[in-house]
Amino acid sequence: MTLKLTNTLTRRLEPFEPLVPGQVSIYCCGVTVYDLCHLGHARSYIAWDVLRRYLIWSGYAVTFVQNYTDIDDKILNRAAEEGSSMEAVSERNIDAFVADMARLNILPPDRMPRATESLAAIRSLIGELVAKGAAYSADGDVYFAVMQHAGYGKLSGRDLGEQQDNAAGRVASEEEARKQHPFDFALWKGSKPGEPSWESPWGPGRPGWHIECSAMVREELGDTIDIHLGGADLVFPHHENEIAQSEAASGQELARYWLHNGMVNVGGQKMSKSLGNFTTIRALLDSGVSPMTLRLFTLQAHYRKPLDFTAEALEAAATGWKGLNAALGLAASGAAIATDPAGLAPELAAARQRFAAAMDDDLNTSAALAVLFELAKPLRALANRIERGDGAAAAEAATPALVAQGKLLLELAGVLGLQQERAAESPATGSGSGSGPGVASPSDAEIEAQITARQAAKAAKDFAAADAIRLALQAQGIELIDKPGGITEWLRS
RNA sequence: GGCGGCAUGGCCAAGUGGUAAGGCAGAGGAUUGCAAAUCCUUUACCCCCAGUUCGAAUCUGGGUGCCGCCUCCA
């Protein structure tokens, strides 16, 4: 069985065959670094991280390039708001992006080009397009002539003729007046006072958004790449324009497979900065949700479908992750054994096969996760028995069959980027689930004293008193958990 | 208005012709002084209507509802 992917270009599920056998070149549209990333970005980059890990696991040599858009109106606006510079805003948000991705266990791209460092490639590409008559300069700007390019609209399924009416409804602007056709888009924007600009044959200015990707793809990976990735909201106009620019210049197909991920929704609506309904990755993680919970949450749905972000669904993922994590912990502690796939027991070989079949089917991570949960089930049970001091369970877990099952679980979880976490997480989702600010929390010493008192009450079989202490602490946000052997643990909720 | 997509149990979500994966929640049981945690067991006929077929959640037609893109956006 081979990997099949839904190609936006054809809207069909197609067998994946790289241009060069055994090698895959991937370009992923990165972020515009004007602010922190939110859950929509997390979902997208987690999905593509899984694609990449799966290709590597399948034996491909993958080259993964992802850009930073660090020249943009939004960055300039942000810099103006805070009285800093475009560079300062970009640097800060790039650092934050790297940190957020690392927390989510997303593999760093092989190369991360920036628009500000790709000016030569951008100017050269624009020059080529102008020379070929695919683009024209107008008053310091350079525009791509959409009507000159046969095939414009092939990715998004648009017909320019049918789009005319809408274009007529657009707000007229100076820029619109310079265009030969309303759908023409800027490759180069003449500089405005006070804005950063670069020299060019068409006068000082800065590149448009779409051209940077075309230039970077060509510079980093060549005229034709295997896979181009991005959010579904980039299909039009960004990717459509990218195709037009690149293909007009090179005469070659830009990318053979176009993959797009579905949006993260909140209350049925797309999470976005402009709607203001977003949660940043770090706000969520800092609220106590573990990175792996977020990963599991996004991977439970198919990458192409919209994913509704709700507190309930996140909590479900947190609980699910807890179980998987326990199994992974036990597996990781198991003796090191050879993981030769050929030597697997029939049931494990079948599980591995089902996992691969699921992933081959357009990255069906939901079905792949079902395999993980099934593998994890007995391990999780043993892990919990061991935690309770069950010696027999430890012996059971050490049997070759279960150790091998654990190794397989670790391996497959790794393909999804799911990594064992040591610290327990709080199930809180960050929106005021803690105790109110007015309630003073007791000190550790006070809690310990209460626990000692309760143990005395229990020893005296005065359960009413023992329960009263537990309830009192509970009211202060302290939860008591009795463990075997008379040990009582506690945690602040 | 144009283009594209989705509709499966209380919630999330797989399944694209042969009588519904998985996770969460719920229920019953075990364990516990009681809880919590844990373990075991268990819960659906697939938006509506009409077709195709021996047989459809799965194909066709119609309807309803929802979402994305058409402006920056993962």
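Below, chains carry the letters A, B, ... as their sequence lines are ordered, and counting in each starts from 1.
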I'd like to know if [X] reaches the base of [N] with its side chain, counting only an N/O donor and acceptor under 3.5 Å.
| X | N | value |
| --- | --- | --- |
| D467(A) | G33(B) | yes |
| R43(A) | A74(B) | no |
| D482(A) | C34(B) | yes |

For the P atoms, the ones on C48(B) and on G9(B), what distance do you get once it is rounded to whole angstrom?
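C48(B) and G9(B) have their P atoms separated by 11 Å.
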Could you list all the salt bridge (charged side-chain N to carboxylate O under 4.0 Å, His left out) pairs where at least one residue sits in [range], not counting sequence neighbours?
| range | result |
| --- | --- |
| residues 454-469 of chain A | R454(A)-D482(A), K458(A)-D482(A), D467(A)-R470(A) |
| residues 231-243 of chain A | D233(A)-K270(A) |
| residues 45-55 of chain A | D49(A)-R53(A), D49(A)-R295(A), R52(A)-D110(A) |

Contacts of type ring pair (Phe, Tyr, Trp, His ring centres under 6.0 Å), residue Y27(A), not counting sequence neighbours
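Listed in chain order: H228(A).
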By ring pair (Phe, Tyr, Trp, His ring centres under 6.0 Å), which residues pair with Y68(A), not counting sequence neighbours?
F97(A)
Would Y143(A) and F185(A) count as a close aromatic pair, with their ring centres under 6.0 Å?
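Between F185(A) and Y143(A), which both carry aromatic rings, the centre distance is not below 6.0 Å.
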Could you write out each protein N or O paired with an N or O of nucleotides 15-17 of chain B at a distance under 3.5 Å?
| residue | atom | partner | partner atom | Å |
| --- | --- | --- | --- | --- |
| G15(B) | OP1 | N364(A) | ND2 | 3.0 |

Counting side-chain heavy atoms from CB outward, which of [options] is closest to [X]?
| X | options | result |
| --- | --- | --- |
| K322(A) | U38(B), A74(B), G33(B) | U38(B) |
| H41(A) | C24(B), A74(B), C70(B) | A74(B) |
| P237(A) | A14(B), C70(B), C34(B) | C70(B) |

Which base sits across from A44(B) as a Watson-Crick or G-U pair, both distances under 3.5 Å?
none
RNA chain B: A464(A) or T310(A), which has the more 5' nearest nucleotide?
T310(A)
Want to settle it: does A368(A) or R11(A) sit nearer the 5' end of RNA chain B, counting the closest nucleotide to each?
R11(A)
Parallel, tilted or perpendicular for H210(A) and H238(A), by the 30°/60° rule?
tilted
Would you mind classifying the nucleic acid contact of G153(A) as base, sugar-phosphate or nothing, using non-hydrogen atoms under 4.0 angstrom?
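The answer is nothing, as G153(A) stays clear of every strand by at least 4.0 Å.
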Mind checking E374(A) for me? I need base, sugar-phosphate or nothing, with any heavy atom below 4.0 Å counting as a touch.
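Sugar-phosphate, no base atom in range.
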Considering residues at least two apart in sequence or located in another chain, which fulfil the side chain to side chain donor-acceptor pair (under 3.5 Å) criterion with N77(A)?
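None.
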Could you run down the sub-3.5 Å N/O contacts of the protein with nucleotides 39-42 of chain B?
| residue | atom | partner | partner atom | Å |
| --- | --- | --- | --- | --- |
| C39(B) | OP1 | R380(A) | NE | 3.3 |
| C39(B) | OP1 | N384(A) | ND2 | 3.4 |

Quick one, which residues of residues 270-277 of chain A touch RNA chain B with a heavy atom under 4.0 Å?
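Result for residues 270-277 of chain A: K270(A), M271(A), sorted by number.
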Those residues that, when tested against K74(A), pass salt bridge (Lys or Arg N to Asp or Glu O under 4.0 Å) (two or more places apart):
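Result, salt bridge (Lys or Arg N to Asp or Glu O under 4.0 Å) vs K74(A): none returned.
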S25(A): which residues meet the side chain to side chain contact (heavy atoms under 4.5 Å, CB included) condition with it, sequence neighbours left out?
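Per chain and number, S25(A) pairs via side chain to side chain contact (heavy atoms under 4.5 Å, CB included) with L221(A), I225(A), D226(A).
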Sequence-distant partners of E347(A), side chain to side chain contact (heavy atoms under 4.5 Å, CB included), two or more places apart
A345(A)
